[in-house]
Amino acid sequence: MAYETIEYSVSDSIATIRLNRPEKTNALNRTMRRELVEALSRAPDEARAIVLTGSGRAFCAGQDLGDVERLAELEIVELLREEYEPLIRLIHDGPLPIIAAINGTAAGAGANLALACDIVIAARSAEFIQAFARIGLIPDAGGTWFLPRLVGQARAMGMSLLAEPIPADLAAQWGLIWEVVADEALESRAMELASRLASGPGTAYRLTKQALRASSANDLETQLALEARSQAEAAQSRDFMEGVMAFIEKRAPRFEGR
Ligand code: LHQ
C-alpha cells in the first residue's frame, strides 16, 4: 500500500517506517498520524521488529503548526484523544520491539513519539526538544509520563520548562535514549539491532515489553505475579525449547519468533 506521508517497507522480517515530509521537518499532520497508525497496526502480521526513522535532516518537529484550523481550543482534546493517543498506545502496547532511529531533531510530539519506542538510538547530530513551552503548551503525546520515568523528575522538569535542545550525547548520558552513533552509521546500526530482534524470541520480547511497561504502575507483589504468569507463557513457546536445546547442544539458537 502506498502512503502519502510515510514510507513503509518490509525486508527480512523488519518493518521500516520512515516519516517522509522532509520539507516540513516531518511534522505530524492528520494524514501522517493516520498512516502511522495503519502501518503500526499491520506490521505485526508482516514482520518481527519495527524501525521508525525520518527522512531528511529532522526526525520529526512534532505537530504540524501549519494545520491551524485543527488547533482551535475545542478541537485539541479531540485531536489528542483520537489521533495522538492511538499512535502512542500502538507503540507502547504493541507486540513487536520498536527501534527509533533518530536522524535529526526530534521536537514536541516528535520527541515523545521517539521516547515511546522501546529502543532509541540517535545520530550524534540529533537533539531532543520538549518544545511545547516555547509556544505556550504542555508536553503531550505521553511526554509527562515518559520523561520522569526515563530521566527522573529534575531532568524532566528542566527539559519541559526550559524547552532547550538536549544533544544526543547528553540524552544518552541521562538515560533518555539507548545509544548514540556517528551520523553515517545510524541506519546500519538500526538495521543491525532490528535484525537481531527480528531473529529473536518473539514471545519473550512481547512479554518482556509488557512486563516492563506495566511495572511503573504496579507494586512488587503485583509485578512478581505478572512475571510468574508471563514466564509460564514464555516457557510454553517453541523458542524456549529451542533456546534450551541450543544451549545444551552448544550451538546458536534458531528462534522462530513464537
Ligand atoms: C514546521 C514545524 C512544525 C510545521 C518546523 N510545523 N512546520 C500541539 C498542538 C496541539 C495539540 C496537539 O499536540 C501538539 C503537540 C506538539 O508537537 S506542539 C510542538 C510543535 N513543535 C514545535 O513547536 C517545534 C517547532 N519547530 C522548531 O522549533 C524548529 O523548526 C526545529 C527545532 C524543529 C528545527 O529547526 P531548524 O532546523 O532551524 O529548521 P527550521 O525552523 O528552519 O524549519 C524548517 C522548516 O520546517 C520551516 O519551514 P520553511 O518553509 O520556513 O522552510 C519550518 O517552518 C518548518 N517546520 N517545525 N512543527
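Atoms within each ligand, like the ligands themselves, are counted from 1 in listed order.
- By the definition of a contact as any protein heavy atom under 4.0 Å away, atom 48 (O) of ligand 1 is not in contact.
- The nearest heavy-atom contact from the protein to atom 12 (C) of ligand 1 is Asp140 OD2, 3.4 Å.
- The contact set between ligand 1 and Leu79, taken as ligand atoms under 4.0 Å from a residue heavy atom, comprises 11 (C), 12 (C).
- Look at Asp239 and Arg258 and you find no salt bridge, because none of the NZ, NE, NH1 or NH2 atoms lies under 4.0 Å from a carboxylate O.
- Of all non-hydrogen atoms in Arg48 and Gly257, the two that sit nearest each other are NH2-N, 3.1 Å.
- The distance from ligand 1 to the heavy atoms of Ile129 drops below 4.0 Å at these ligand atoms: 32 (C).
- In this structure, CH2 on Trp178 lies 6.5 Å from CD1 on Ile119, to the nearest 0.5 angstrom.
- Of all protein heavy atoms, the one closest to atom 3 (C) of ligand 1 is Gln63 O, 3.6 Å.
- When each atom of ligand 1 is checked for a heavy atom of Ala27 under 4.0 Å away, the hits are 3 (C), 6 (N).
- A donor and an acceptor atom, one from each side chain of Tyr3 and Glu38, are located under 3.5 Å apart.
- Nearest-heavy-atom check against atom 23 (O) of ligand 1 across Asn112, Ile76, Leu65 picks out Leu65.
- Side-chain atoms of Glu46 and Tyr8 include a donor-acceptor pair closer than 3.5 Å.
- Under the 30°/60° scheme for interplanar angles, the aromatic rings of His92 and Phe146 are found to be tilted.
- For atom 22 (C) of ligand 1, the closest heavy atom belonging to the protein is Ala61 O, 3.7 Å.
- Residue Gly110 has no N or O atom closer than 3.5 Å to an N or O atom of ligand 1.
- The distance from ligand 1 to the heavy atoms of Gly62 drops below 4.0 Å at these ligand atoms: 17 (O).
- Counting only distance, with no hydrogens or angles, the side chain of Glu127 and the backbone of Ile166 share no donor-acceptor pair below 3.5 Å.
- Within ligand 1, the atoms closer than 4.0 Å to a non-hydrogen atom of Leu80 are 12 (C), 13 (O), numbered from 1 in the order shown.
- If you run side chain to side chain contact (heavy atoms under 4.5 Å, CB included) between Leu36 and each of Thr5, Leu52, Ile91, Thr31, only Leu52 comes through.
- A distance-only check finds no donor-acceptor pair linking the side chain of Asp64 to the backbone of Ala27 [under 3.5 Å].
- Less than 4.0 angstrom separates atom 58 (N) of ligand 1 from at least one non-hydrogen atom of the protein.
- A side-chain donor-acceptor contact under 3.5 Å links Ser160 to the backbone of Ala156.
- The protein does not reach atom 52 (O) of ligand 1 closely, with no heavy atom under 4.0 angstrom from it.
- Less than 4.0 angstrom separates atom 40 (P) of ligand 1 from none of the non-hydrogen atoms of the protein.
- Put simply, part of Arg57 is less than 4.0 Å from ligand 1, judged by heavy atoms.
- Not a single protein heavy atom sits closer than 4.0 Å to atom 30 (O) of ligand 1.
- Neither the backbone nor the side chain of Leu28 has any atom closer than 4.0 Å to an atom of ligand 1 (non-hydrogen atoms only).
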